[in-house]
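Atom set for the values below is all heavy atoms of this structure, side chains included, hydrogens, waters and symmetry mates excluded. The chain is numbered in sequence order, starting from 1.
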Amino acid sequence: MTREHAPSLLESERSSGSGPVECLGRVFPHDETRRSYFLDRLREHLLDPAFRQNEGFPVSELEIILTLSDPPYFTASLNPLREKGLVQ
């Protein structure tokens with residue numbers, strides 16, 4: 001008896017359809033566009049030395065934090081969108 005690989009939640013979400021995605025009041029043509037947009041916003045905050053001084057900020061490289069993040073839903077660092085009240 002063999003067991004088939006079940007996709008993770010992120011894999012199934014990213015591969016489910018290619019239609020428009022609404023997130024925080026914005027509409028994106030597809031999920032990769034949404035991800036790219038919010039990764040760029042996260043990158044801006046991660047490059048700010050004052051933001052990196054916050055207590056609890058991970059000791060890690062910028063690209064590793066971005067790779068592990070799926071903003072605005074999850075970030076591997078403090079979530080600047082949550083801090084601004086955009087995400088509950």
Distance in Å, [X] [atom1] paired with [Y] [atom2], rounded so as to fall on 0.5 Å steps:
| X | Y | atom1 | atom2 | answer |
| --- | --- | --- | --- | --- |
| R35 | C23 | CZ | SG | 12.5 Å |
| S69 | L42 | OG | CG | 5.5 Å |
| R52 | L78 | CZ | CG | 11.0 Å |
| L39 | D70 | CG | CG | 7.5 Å |

Cation-aromatic face contact R34/F38, 6.0 Å, 45 degrees: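 The answer is no, since R34 fails at least one limit relative to F38.
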P72 versus N79, closest heavy-atom pair with distance: O-ND2, 3.1 Å
Which atom of H45 lies closest to which atom of R41, heavy atoms considered: CD2-O, 3.1 Å
In one Ile/Leu/Val/Met/Phe/Trp/Tyr side-chain cluster, 4.5 Å: L24, Y37: yes
For residues 54-63, please give each side-chain donor-acceptor pair under 3.5 Å, one per line with the distance, not counting sequence neighbours.
from, atom 1, to, atom 2, distance (Å)
N54, ND2, F51, O, 3.0

